[in-house]
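Every value quoted in this text rests on a predicted model; they were computed, and no experiment measured them. By convention in this document, chain letters (A, B, ...) are assigned in the order of the sequence lines, proteins followed by strands, and residues within each chain are numbered from 1.
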Number of protein chains: 2
Amino acid sequence: MNLYSPIEWTFDIFPEQHKYLTFLKKVFRYEFRKNWFRRITPPLLEKKELIEKSQLNTPFIIENGDFDLCQSPSLSILRAYLENDMKEQIQPVYYYYMSQYYKKTKENIRAMQVFGWEIIWENDPILDAISIYVVYTSLNKIWLKDKFFIRINSIWIEKEKVKYREELLSFYENKKHILSQDSIDLLDIDPMLVLSSKNEDEIILNSSAPSLSAKFLKKDSKEHYSKFKSYLDILKVPYKEDHSLVWEHNFQTNSIWQFVSLDSRVIWNGSRYNSLSKNIWEPKEIPATWFYVDTSIIIDLLIENNIKIKNKDKIDLFFVQLWDEAKSVVLPLSLAAREAGINTVVSLWTPSMKEQMLKAGRSWARYVVMVWIMEARNGIFQVRDMNNWTQSEVKKENLIDFMTEKIGKENLDFYSPERDLMIN
Amino acid sequence: MNLYSPIEWTFDIFPEQHKYLTFLKKVFRYEFRKNWFRRITPPLLEKKELIEKSQLNTPFIIENGDFDLCQSPSLSILRAYLENDMKEQIQPVYYYYMSQYYKKTKENIRAMQVFGWEIIWENDPILDAISIYVVYTSLNKIWLKDKFFIRINSIWIEKEKVKYREELLSFYENKKHILSQDSIDLLDIDPMLVLSSKNEDEIILNSSAPSLSAKFLKKDSKEHYSKFKSYLDILKVPYKEDHSLVWEHNFQTNSIWQFVSLDSRVIWNGSRYNSLSKNIWEPKEIPATWFYVDTSIIIDLLIENNIKIKNKDKIDLFFVQLWDEAKSVVLPLSLAAREAGINTVVSLWTPSMKEQMLKAGRSWARYVVMVWIMEARNGIFQVRDMNNWTQSEVKKENLIDFMTEKIGKENLDFYSPERDLMIN
């Protein structure tokens, strides 16, 4: 075991990936805000009792505590809704989050950087359609049009499926020799889960399985699904109906959808989960809808399709300096340059000028200034343009003006917090 | 136990607090970027073996796994540095992070939303001074000038303290009857920790304790501390030397600092930690410096000082509608309005117009449009200005132009991802 590698199912997000993640955050924050969503950040740990009641996945089990890593933001956000008596607010409430999460299944654990949203206390399928529309147009806007498709289905409501499950069970009963052990195990949990098998024999078998036909379904559910589809049509969102798209948790209801890349990676998952509240908060059902995306798959798609993000981390000015006296001059000057919007780096401690120049080159800084004892004392600098290796002589007190003119006022990196503050 | 409250030492960050957090992120992201920092997000879980070797705090102990909740971003980032052989990059490396973290001490656990940075492979105290400068000016910029002060100290390096500790131990030896049980326990860990006691009797006792005088210290350490202070002077950062400011971990070395509110809440902690690498990666020392801030304390200070953030979440246009036919008209129109930069909300499902109007009022929307069957069919809307209760008649196809003129082009909320993408 290499002690310095992260745990195999976790990862470090390095600056190169952060460029993409920051971009995606900007894109989706904007879309979320426009759709009346407000940001919430739930804790990553929740009470063990709450997690158990929710019937979520296998818990992590943290010793010596009543708490555990929560694997579903939906659970935390619904908990916050109940705790804070949010029925007092305008309904439905619209929340989004952007967080690190851990998901544990029977087989493995996975760390994820996710964006998601929750709309609580509203059953209208228009919200499910808008969820899809927002993500669909966002992905189009970032040049991923035609790189994915959308699958939808209805998983109806729990009590409609009781009779259907019985019918399915008797269908599989005398065909167990064809089923894989995984599918036989699934029969005990829910025979409907076998319908989504990827096993070739089972795909053939499933094509003759009884389908969840109209006779099992109530009017409300049918209407919910047909409205869901009609709103997608109004919004001109293309989709495929796929009845093999099923649920992970018993509390999911009605609409379910998935964004899938052309080579079948799942970009986006969403559904209604009207029944979660019944697990944790008997006996009431609270209509709610959610989705979340594992951002790493969108980032992979951007990279694979050679879609690049502009680099904001350019260095305008690099100070090469030797000796303490030079440093006392360069230090306040570099900070003043930064304040003026010029991205400035000071090379430190490295003993040789040659090595510092090499650093300056590798940093892709546009301008380099060398400050030795002489330059520190007489305040006259040679400013080298690294694009064409020309040099200009500039007085210390004129350096910021000189740089501002060279890089252009419009290219300065400038932000003042006063812009976002209110004077009382 | 209330099942719906978060675990007592965790919290939900609700939209109202997120307004402040988003603002702080913007302020510090800008400062970090200007100072050549790049963002990194380490996982929250690390290998148990690594955490144990690091000699960090009490572990969480997650059952059935070789992993555990990591309580120090510094450890994860140094691990990433070692794993990725970052000596190949330009040194030092500058990383910042903005994450949720959990800190467990002997007494309690605390969830924190933290900002921090790490500078690895550089011993120059100029970096410690710049760290302080950046945070000092940032807090000044957000109107918190004079709401805090800065304490600094040197905790020197480990091998210089061996002889001093012996001297301290013999000083306390025959005074144990004055010491509290906590302090007696600390004597076993490190007698220097007793010096930071807040107990009144012990403060008096400590005033006569031997001090870490020059005779114990090597030239390098003394120079490091005096340079640290002289750079702060050059940068015009006010500070108080405070020898009761000590460390939490045995791997901290040399400079240590703290930003403290006037009523003694710790806003910001930072230090060098040159010896952490020796704990996890014998036998080499890797010079490094870090700080992090628990953002909740800055947010508290902003709120206490009545500093308000501008609200970007205003609603420009609110559609009140009844019946499916109205919805089919309103839905595409509302999305087109959003695309045009107009923050638009559609009221859903609520059966009565009166209740919907109430919602519109509570949302503080500026303009409200009511669409019933008639309006849906003839495409002529009454647009009500909620500020002065005047009404204008507007045709459906002119609504976006009308709204754009009313709220002003400069007030549209508009972002296009194309701005940040590069065409190859």
The interface call for B:Phe11 against chain A, heavy-atom contacts under 4.5 Å, is backbone

**Request:** Would you check, one step at a time, whether the test side-chain contact (heavy atoms from CB on, under 4.5 Å) holds for A:Lys327 with B:Asp124?
**Result:** CA-CA 11 Å; A:Lys327 222 181 275 179; B:Asp124 194 330; 2.5 Å; yes

Whatever's closer than 4.5 Å to a heavy atom in chain B on A:Leu235 counts as side chain

Under a 4.5 Å heavy-atom criterion, the part of residues 94-101 of chain B in contact with chain A comprises B:Tyr94, B:Tyr95, B:Gln100

When the 4.5 angstrom heavy-atom criterion is applied to B:Ile142 and chain A, the contacting part is both

Given B:Leu21, B:Val345, B:Thr22, B:Asp413, the one with more heavy-atom pairs under 4.5 angstrom with chain A than any other is B:Asp413

d(B:Leu331 CG, A:Tyr231 OH) to nearest 0.5 Å is 7.5 Å

The interface call for B:Ile309 against chain A, heavy-atom contacts under 4.5 Å, is both

The interface call for B:Asn35 against chain A, heavy-atom contacts under 4.5 Å, is both

Bottom line for B:Ser363: the part with an atom under 4.5 Å from chain A's heavy atoms is both

query: Could you go step by step and tell me if B:Arg38 and A:Phe14 meet the side-chain contact (heavy atoms from CB on, under 4.5 Å) rule?
result: CA-CA 8 Å; B:Arg38 302 293 175 259; A:Phe14 286 107; over 6 Å; no

Taken to the nearest 0.5 Å, the spacing of A:Leu335 CG from B:Tyr133 OH works out to 5.0 Å

Turns out that what part of B:Tyr20 lies under 4.5 Å from chain A's heavy atoms comes down to neither

Chain A shares the most heavy-atom pairs under 4.5 Å, among B:Leu44, B:Thr10, B:Asn343, B:Ile234, with B:Leu44

Under 4.5 Å to a heavy atom of chain A? For B:Ile315 that would be side chain

Heavy-atom nearest pair, B:Pro417 first then A:Phe23, reads O-CE1, 3.6 Å

Here the gap from B:Ser334 atom OG to A:Ile126 atom CD1, rounded to the nearest 0.5 Å, amounts to 7.5 Å

Minimal heavy-atom distance between A:Glu31 and B:Glu339, with the atoms involved, is OE1-OE2, 4.4 Å

Here the pair of heavy atoms bringing A:Val27 nearest to B:Tyr415 is CA-CE2, 3.9 Å

Looking only at heavy atoms, the pair that brings B:Ser5 and A:Lys47 closest together is OG-NZ, 2.9 Å

Which of B:Lys26, B:Lys308, B:Lys310 passes salt bridge (charged side-chain N to carboxylate O under 4.0 Å, His left out) with A:Asp420? Answer is B:Lys26

Residues B:Leu421 and A:Lys141: closest non-hydrogen pair is CD1-O, 4.4 Å

Of the listed A:Gln17, A:His18, A:Arg33, the one with the largest count of heavy-atom pairs under 4.5 Å with chain B is A:His18

Quiz item: Are the side chain of B:Tyr30 and the backbone of A:Ser416 linked by a donor-acceptor contact shorter than 3.5 Å?
Solution: no

One option among B:Arg362, B:Glu16, B:Glu46, B:Arg79 has the most heavy-atom pairs under 4.5 Å with chain A, and it is B:Arg79

Bottom line for A:Leu127: the part with an atom under 4.5 Å from chain B's heavy atoms is side chain

Under 4.5 Å to a heavy atom of chain B? For A:Ile130 that would be side chain

Looking only at A:Asp324, A:Thr344, A:Leu78, A:Leu358, most heavy-atom pairs under 4.5 Å shared with chain B are made by A:Asp324

Scanning both residues in full, the closest heavy-atom pair of A:Thr41 with B:Gln113 reads CG2-OE1, 4.4 Å

